[in-house]
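Below is one structure, written out as structure tokens; comments come after it.
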Amino acid sequence: AVYPISASLISDCCFQPFTLFYNPDKKSLGKMIASGPESLWRYLPLLPTTGIPDNNSPFFRVGSNHLERLPRLAMALGMDEDKVFALIEDGYLSRSFKDRGVTVATQCVNELNEPVFRYDTQGANSTGNLLKAVAAASYYAHQKSIILVHGEADPKMIEEAQQFGATVIKIMKDYKDVNSLTKLIMDYPQFQRVAWINLAMRLIYGTGSETLAFRAAEDLGWKGPDHYIAPFAAGLSAKGAYQGFLRLQKFGLVNDFTTR
């Protein structure tokens, strides 16, 4: 069955996990992307939202960066100067690439609130950068935020999140325990108006990492790179980028995807 986007990972009907389904017009997809804004919203046909933020919104500019050549690193690696690139994140909201996924999730929350108001708070558990990203996005979206962090979370990041008005709760346990606690409380009636960005909305949040692959492939002339190197924490960013390349291949924008 096909369902509209929701802030949930599992169907209430059959208790099976959701997957995202896209059906863009393959013939016009490339032109639609090329005519879109400079930011990640140019990839709207491949994102789980029906619209984009207002042009004056800070969310509109997220993901506007392009691949940059790194000739000195290429030389150090014994490669041609035009063979090594980096996608350096501007992190427009919080100085982190996490802004991409949180921006997409925030747009979905706004759209879910349009028919019937459901969510007034964004929630997450975090080891670091997501803490700031959710706090910043909530601030600019005029929503509240609540973030649970583990006992060794960076005090500076906590302070920066609190400057955006976030409620930060430090649990004196490791991240695994904090994650389990968050999953336990997120279904409590007291938290029904909280959109849990990296938990219940994880599928949607993860599409932010796919836009890294979209940008890389487009900047390379709709080709997948030979190798894609990503920083690795929970692993969602690397998985999302890989899914992004596969999606481009599925819809005919990238041929013979062999990226490793």
Side-chain angles (χ1 to χ4, degrees), residues 4-8 20 22-25 28-66 87-124 129-147 160-161 163-167 193-198 200-215 218-219 240 244 247:
I5 287 293
S6 70
S8 177
L20 295 174
Y22 302 90
N23 189 29
D25 183 349
S28 62
L29 182 57
K31 291 182 179 179
M32 291 176 64
I33 291 173
S35 64
E38 190 62 26
S39 63
L40 66 79
W41 296 108
R42 68 194 286 105
Y43 307 112
L44 178 62
L46 301 175
L47 293 175
T49 65
T50 58
I52 65 176
D54 184 85
N55 291 11
N56 296 321
S57 166
F59 297 102
F60 183 76
R61 293 178 55 185
V62 172
S64 298
N65 45 318
H66 288 267
L87 191 61
I88 301 174
E89 281 293 328
D90 51 14
Y92 185 72
L93 299 178
S94 70
R95 305 187 303 279
S96 166
F97 91 94
K98 299 285 188 180
D99 290 341
R100 288 175 175 262
V102 175
T103 289
V104 177
T106 299
Q107 178 66 20
C108 281
V109 170
N110 290 338
E111 292 176 3
L112 289 169
N113 277 342
E114 286 177 1
V116 179
F117 185 77
R118 306 179 188 184
Y119 305 105
D120 60 12
T121 306
Q122 291 191 26
N129 286 323
L130 184 61
L131 166 64
K132 296 190 301 178
V134 169
S138 301
Y139 172 81
Y140 290 117
H142 307 292
Q143 294 181 330
K144 296 177 287 186
S145 59
I146 177 170
I147 302 107
E160 291 180 357
Q163 289 174 354
F164 283 112
T167 297
R193 287 195 176 276
V194 180
W196 294 96
I197 301 300
N198 66 327
M201 298 190 71
R202 192 171 183 82
L203 273 178
I204 296 168
Y205 163 66
T207 61
S209 295
E210 293 185 21
T211 66
L212 295 169
F214 300 160
R215 176 67 80 181
E218 185 181 9
D219 282 357
R247 206 177 302 285

query = Taking atom CZ of Arg42 as the centre, does the number of heavy atoms from other residues, nucleotides or ligands within less than 6.0 Å exceed 12?
reply = yes
inquiry  = Please determine whether the number of non-hydrogen atoms from other residues, nucleotides or ligands lying under 6.0 Å from atom CZ of Phe164 exceeds 12.
reply    = yes
Please answer whether the main-chain N or O of [Y] pairs with a side-chain N or O of [X] as donor and acceptor at a distance below 3.5 Å.
| X | Y | result |
| --- | --- | --- |
| Ser39 | Phe60 | yes |
| Asp99 | Ala133 | no |
| Glu111 | Gly51 | yes |

Taking atom [atom1] of [X] and atom [atom2] of [Y], what is their separation to the nearest 0.5 Å?
| X | Y | atom1 | atom2 | answer |
| --- | --- | --- | --- | --- |
| Leu44 | Ile33 | CG | CD1 | 10.0 Å |
| Gln122 | Ile146 | CD | CD1 | 12.5 Å |
| Ile147 | Ser138 | CD1 | OG | 6.5 Å |
| Tyr22 | Thr207 | OH | OG1 | 5.5 Å |
| Asn110 | His142 | CG | NE2 | 9.5 Å |
| Gln163 | Lys132 | CD | NZ | 10.5 Å |

Side-chain heavy-atom pair [X], [Y] within 4.5 angstrom cut-off:
| X | Y | value |
| --- | --- | --- |
| Leu47 | Gln107 | no |
| Tyr205 | Leu130 | yes |
| Asn113 | Gln143 | yes |
| Asn65 | Ile88 | no |
| Val62 | Val102 | no |
| Thr103 | Trp41 | yes |
| Val104 | Pro48 | yes |
| Thr167 | Thr121 | no |

Can you see which heavy atom on [X] is nearest to which on [Y], and at what distance?
| X | Y | answer |
| --- | --- | --- |
| Ala124 | Val134 | CB-CG2, 4.0 Å |
| Ala136 | Ser94 | CB-CB, 4.2 Å |
| Tyr119 | Ala195 | CD2-N, 3.8 Å |
| Gly244 | Phe214 | O-CE2, 3.4 Å |
| Arg100 | Gly63 | NH2-CA, 3.6 Å |

task = Under the side-chain contact (heavy atoms from CB on, under 4.5 Å) rule, what do Leu93 and Phe59 come out as? Steps first, then yes or no, please.
result = CA-CA 8 Å; Leu93 299 178; Phe59 297 102; 3.6 Å; yes
request  = Give the C-alpha distance, both sets of side-chain angles, the deciding distance and a yes or no for side chain to side chain donor-acceptor pair (under 3.5 Å) between Glu210 and Tyr43.
outcome  = CA-CA 10 Å; Glu210 293 185 21; Tyr43 307 112; over 6 Å; no
ask   = Tell me, which pairs form a salt bridge (charged side-chain N to carboxylate O under 4.0 Å, His left out) where one or both residues lie in residues 44-55, sequence neighbours left out?
value = none
